[in-house]
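Just so you know, ligand 1 is whichever comes first in the structure, and atom 1 is the first atom listed for that ligand. Hydrogens, waters and symmetry mates play no part in the numbers below; they use all other heavy atoms, side chains included.
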Amino acid sequence: MEISSAEFVISNTDVTKCPEGHLPEFAFIGRSNVGKSSLINMLTGKKNLAMTSQKPGKTQLINHFFINKQWYLVDLPGYGYAQRGKEGRENIGRIIESYIRKREQLTNLFVLIDCRHEPLDIDLSFMEWLGNNGVPFSIIFTKTDKLGKNKLIDNIRNYKEKLMEVWEELPPIFLTSSFSITGRDEVLDYIASIIDDLKKQ
Ligand code: GTP
Ligand code: MG
């Protein structure tokens, strides 16, 4: 899929104030600092569309971007950022949970995982929660530029094995780097294929 336009629409904490209509929506989630906002910029080819930071906890709101005047990309706050404190974490948790549970336009959620990390309980239990709530999701391993090829293959294999302990079938898996611009076509073509399927229904 080519990106012909990408525009910021609205930021908020209230799912009822998200854009109206029935256009399909694809959201990005994962731990703080995993690279959600950077990935959105890489996919859209717009460097400063979503705000990024070296410090975790940058994105605090639900951010909608309108793509090709056809569908929405959504940048969400990261979960599990310790320095927000218990109250801050619970607050962000509530925003994320209500968006995921109530947003009917949400077509697919991309769960981002830093490819350098061992499988973490916080991500594994989040994906189980998605499964229990019937939310379609895929996994994107981010920051692949940070690992050598063999280590990367090892880590992904290890992660898949861990997932297979719980899941009968693995979700679609993508490998990306926002720095070296890898995985862009794969993710965009996947989104395009889902949008095409929806049109046929
Ligand atoms: P929050 O909004 O705080 O939840 O973070 P986020 O998941 O949106 O992460 P963000 O895109 O702001 O990136 C966090 C840090 O990781 C920044 O310093 C980015 O430059 C860096 N980063 C993001 N993607 C990549 C990547 O593909 N490779 C490398 N090496 N660094 C990356
Ligand atoms: Mg962010």
Side-chain angles (χ1 to χ4, degrees), residues 3 6-13 15 18 25-65 67 72-100 103 106 108-117 119-120 122-127 130 137-153 155-156 159 173-188 190:
I3 302 292
E7 299 147 37
F8 169 72
V9 184
I10 192 170
S11 290
N12 61 68
T13 56
V15 63
C18 291
E25 197 159 297
F26 298 81
F28 293 80
I29 189 126
R31 292 197 314 135
S32 277
N33 215 40
V34 70
K36 300 174 290 296
S37 303
S38 304
L39 184 68
I40 286 178
N41 293 340
M42 186 274 264
L43 292 174
T44 56
K46 282 197 164 183
K47 255 189 170 166
N48 300 314
L49 189 65
M51 286 204 273
T52 66
S53 168
Q54 288 177 352
K55 287 194 214 128
K58 177 71 182 171
T59 311
Q60 306 254 359
L61 301 165
I62 305 167
N63 301 286
H64 275 75
F65 303 96
I67 311 298
Y72 290 99
L73 263 187
V74 180
D75 191 13
L76 293 169
Y79 52 72
Y81 174 42
Q83 262 151 302
R84 271 193 194 118
K86 189 160 177 279
E87 205 175 309
R89 269 202 313 279
E90 283 174 0
N91 202 11
I92 292 287
R94 265 195 301 277
I95 295 171
I96 293 171
E97 185 178 332
S98 76
Y99 169 81
I100 293 173
R103 186 70 174 160
L106 178 60
N108 187 69
L109 193 63
F110 290 100
V111 178
L112 275 58
I113 309 273
D114 188 323
C115 71
R116 293 169 296 177
H117 296 163
L120 296 172
I122 188 164
D123 294 319
L124 298 169
S125 54
F126 178 72
M127 288 187 268
L130 293 176
F137 71 94
S138 323
I139 296 177
I140 296 184
F141 288 100
T142 62
K143 308 193 186 183
T144 57
D145 57 284
K146 295 259 195 186
L147 287 183
K149 197 173 167 207
N150 290 339
K151 182 69 180 153
L152 178 63
I153 292 171
N155 278 11
I156 306 301
Y159 213 103
I173 290 176
F174 301 92
L175 274 64
T176 66
S177 163
S178 300
F179 278 22
S180 41
I181 316 191
T182 46
R184 182 172 185 267
D185 289 346
E186 288 78 359
V187 174
L188 288 177
Y190 178 65

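Near S177, the atoms of ligand 1 lying under 4.0 angstrom from a non-hydrogen atom of the residue are 27 (O). Near G78, meaning under 4.0 Å from any of its heavy atoms, are these atoms of ligand 1: 4 (O). When each atom of ligand 1 is checked for a heavy atom of P56 under 4.0 Å away, the hits are 3 (O).
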> Taking it one step at a time, do L109 and F126 satisfy side-chain contact (heavy atoms from CB on, under 4.5 Å)?
Replying inline: CA-CA 12 Å; L109 193 63; F126 178 72; 4.2 Å; yes
>> Between I67 and L43, does the side-chain contact (heavy atoms from CB on, under 4.5 Å) criterion hold? Intermediate values first, please.
In response: CA-CA 11 Å; I67 311 298; L43 292 174; over 6 Å; no
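The nearest non-hydrogen atom to atom 16 (O) of ligand 1, considering only K36, Q54, K143, comes from K143.
At least one heavy atom of D145 sits closer than 4.0 Å to an atom of ligand 1.
Closer than 2.8 Å to the Mg ion (ligand 2) sit the protein N, O or S atoms S37 OG, T59 OG1.
Among I92, T13, I95, the single residue meeting the side-chain contact (heavy atoms from CB on, under 4.5 Å) criterion with Q60 is I92. With S37 as the fixed residue, the side-chain hydrogen bond (donor to acceptor under 3.5 Å, both in side chains) test singles out one of D75, T52, N63: D75.
Between atom CD1 of residue I156 and atom CG of residue L175 there is a gap of 4.5 Å, rounded to the nearest 0.5 Å. Here CE of M51 is found 7.0 Å from OG of S11. Values are rounded to the nearest 0.5 Å.
Backbone and side-chain nitrogen or oxygen atoms of G35 are examined, and one is located within less than 3.5 angstrom of a nitrogen or oxygen of ligand 1. On a distance-only criterion, S37 and ligand 1 share at least one N/O pair closer than 3.5 Å.
In this structure, a donor-acceptor pair under 3.5 Å is present between the side chains of S138 and N108.
Using a 4.5 Å heavy-atom cutoff, the side chains of D123 and Y159 are in contact. Counting heavy atoms from C-beta on, the side chains of I140 and I113 never come closer than 4.5 Å.
Residues M42 and R184 come closest through the heavy atom pair O-NE, 3.1 Å.
With a 4.0 Å cut-off on non-hydrogen atoms, S38 touches ligand 1 through its backbone as well as its side chain. Contacts with ligand 1 closer than 4.0 Å are made by backbone heavy atoms (N, CA, C, O) of S53 only, the side chain lying farther away. The part of K146 lying near ligand 1 is the side chain, judged by heavy-atom distances below 4.0 Å.
The aromatic rings of F174 and Y190 sit tilted, their planes meeting at an angle between 30° and 60°.
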